[in-house]
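Quick notes on the structure that follows.
Reckoned from all heavy atoms, side chains included, excluding hydrogens, waters and symmetry mates.
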Amino acid sequence: MTVTEPILQIRDLVKYHDTKGGRVHAVDHIDLDLFPGETLGLVGESGCGKSTLGRTIIRLHEPTSGQILYRGQDIAHLSRNDLRPVRRDLQIVFQDPFASLNPRRTVRQILSEPFSVHGVGTKAERSEQVNDLIAQVGLHPSFAERFPHELSGGQRQRIAIARAIALEPSTVVCDEPVSALDVSVQAQIINLLGQLQADMGAAYVFISHDLSVIGYLADRIAVMYLGEIVEIAPKWALWRRPLHPYTQALFSAIAIPEPPSKARKHRIIIQGDIPSPIDPPSGCRFRTRCPHAMPICSEKSPKLTEVGDGAKVACHLVNDA
Ligand code: SF4
């Protein structure tokens, strides 16, 4: 059996933001692998650090420390110049397509930009590639001459996706790509992302606060809480048996059209607000809201530990059982 090498290996990655109120622990010592062609879902409440993690691993944010190995090369601290050849391989689709598209440029100009920035093709070839991209994301050729304000939210997100895939990247971070869209349009965009991935074989990091949205595309799911990964598992394993109390609470809040696991039979209400990432709780960061917290939980930070089925969990209840 050949073992596929990860395309991205994140090692002990840290991203802190210094603010007036103190140091925000947005991403705190995270290890993660991303394999070619897979979709890794990243889920957690707003403010848990998932967007910061997504942006840091493609170097939109400067990491505080740690390694980002892309095809074996550590890109965590590469200069802007040295990063250039890698940049085209690592793309992002943002939540708000209106904010991410230049309002003064036509769709043709927006989609030509990745080719001109990276010096790909002649003018005539670029024009042809733009036409192909517009067709690939399911829009009529006439959209090329329109401006972003002339498009609906779903059409704008299609253009943002076309721009992200223009240079056939190996990795695309999809940062809440459907949360700003009408529910009726969300499924179309998710289907489009799935179709494009099947065609081009890129790996996705699909970020969402909504586990049910993540469930459509993800092969594996990582659950984040206050800057840390508390559970990571293949989707089928997580669906069958979420182990971390926080994951169980997330699952209990959604309706999944599959046999409910024991943990999903009743709604688990997480008490209290998410603590400040400036001063996270000692030991397990979830302990202030966990219905199963024990004395050890405030003293010792649980490590992300393998528990079988390709799953890893960071919880004393599971790891020390
Ligand atoms: Fe709850 Fe303790 Fe597990 Fe944290 S380590 S999730 S507080 S049982």
Side-chain angles (χ1 to χ4, degrees), residues 25 27-32 38-51 53-54 176 179 205-277 280-321:
H25 296 233
V27 171
D28 230 351
H29 300 281
I30 281 185
D31 290 322
L32 202 60
E38 77 162 339
T39 296
L40 175 69
L42 207 51
V43 70
E45 285 163 286
S46 152
C48 71
K50 55 193 188 305
S51 283
L53 175 60
E176 301 266 10
S179 353
V205 177
F206 192 98
I207 298 170
S208 177
H209 63 281
D210 187 339
L211 201 46
S212 52
V213 167
I214 291 240
Y216 285 108
L217 282 184
D219 301 303
R220 288 188 304 140
I221 296 174
V223 181
M224 272 189 85
Y225 187 80
L226 265 188
E228 297 179 333
I229 289 178
V230 297
E231 182 160 10
I232 181 165
K235 181 174 72 178
W236 63 266
L238 206 70
W239 247 236
R240 200 179 64 187
R241 201 162 66 106
L243 290 171
H244 194 283
Y246 180 58
T247 318
Q248 291 174 351
L250 291 181
F251 265 104
S252 79
I254 59 166
I256 300 174
E258 285 174 39
S261 74
K262 219 173 164 188
R264 265 181 270 138
K265 280 188 180 152
H266 61 282
R267 177 92 194 256
I268 304 167
I269 309 286
I270 309 176
Q271 303 296 329
D273 294 327
I274 189 163
S276 166
S282 63
C284 171
R285 292 186 177 181
F286 187 55
R287 72 175 167 82
T288 54
R289 304 169 79 194
C290 177
H292 309 290
M294 308 170 282
I296 191 180
C297 303
S298 60
E299 293 154 16
K300 198 174 151 196
S301 178
K303 298 268 167 284
L304 203 55
T305 307
E306 295 210 17
V307 290
D309 286 342
K312 291 181 184 174
V313 181
C315 171
H316 293 307
L317 201 64
V318 180
N319 302 150
D320 305 343

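Contact between Pro302 and Gly283 at its shortest, heavy atoms only, is CD-C, 4.3 Å. Closest approach of Pro275 to Arg285, counting heavy atoms only: CG-O, 4.5 Å. For Val213 against Phe206, the heavy-atom pair with the smallest separation is CG1-CE2, 3.7 Å. Contact between Val318 and Leu243 at its shortest, heavy atoms only, is CG2-O, 3.7 Å. Shortest non-hydrogen contact noted between Leu226 and Pro280 is CD1-CB, 4.3 Å. Scanning both residues, Ser208 and Ile214, for their nearest heavy atoms gives CB-CG1, 3.6 Å.
Sorted by first and then second residue, the pairs that involve residues 284-307 and meet ring-ring contact (aromatic ring centres under 6.0 Å, His included), not counting sequence neighbours, are Tyr225-Phe286, His244-Phe286, Tyr246-Phe286.
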Practice prompt. Go through Leu32 and Ile232 one step at a time and tell me if the side chain to side chain contact (heavy atoms under 4.5 Å, CB included) criterion holds.
Written response: CA-CA 9 Å; Leu32 202 60; Ile232 181 165; 3.5 Å; yes
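Rounding to the nearest 0.5 Å places CG of Leu40 at 12.0 Å from CG of Leu217. To the nearest 0.5 angstrom, Thr305 atom OG1 is 9.0 Å from Lys312 atom NZ. The distance from the CG atom of Leu317 to the SG atom of Cys297 is 7.5 Å, given to the nearest 0.5 Å. The CG atom of Leu42 lies 7.5 Å from the CD1 atom of Ile30; values are rounded to the nearest 0.5 Å.
Contacts of Glu176 classified as side chain to side chain donor-acceptor pair (under 3.5 Å), with partners at least two apart in sequence or in another chain: Ser179, His209. With sequence neighbours excluded, no residue forms a salt bridge (Lys or Arg N to Asp or Glu O under 4.0 Å) with Glu299. Under the rule for a salt bridge (Lys or Arg N to Asp or Glu O under 4.0 Å), the partners of Asp309 that lie at least two apart in sequence or sit in another chain are Arg240. Partners of Glu231 according to the salt bridge (Lys or Arg N to Asp or Glu O under 4.0 Å) rule, which considers only residues two or more places apart in sequence or in another chain, do not exist here. Annotation: salt bridge (Lys or Arg N to Asp or Glu O under 4.0 Å) contacts of Arg287 (sequence neighbours excluded): none.
At a threshold of 4.5 Å between non-hydrogen side-chain atoms, the residues Ile274 and Ser46 do not count as touching. Ile229 is listed as a side-chain neighbour of Leu304, based on a closest heavy-atom distance under 4.5 Å. Side-chain atoms of Asn319 and Lys303, non-hydrogen and from C-beta on, never get closer than 4.5 Å to each other.
With hydrogens and angles ignored, the 3.5 Å screen pairs a side-chain donor or acceptor of His316 with a backbone N or O of Lys300. Judged by distance alone, with hydrogens and angles left aside, the side-chain atoms of Lys50 form a donor-acceptor pair with the main-chain N or O of Gly44 at under 3.5 Å. Of the possible polar contacts, one joining the Ser282 side chain to the Ser298 backbone as a donor-acceptor pair under 3.5 Å is found. Distance alone, capped at 3.5 Å, places no donor-acceptor pair between the Glu228 side chain and the Asp28 backbone.
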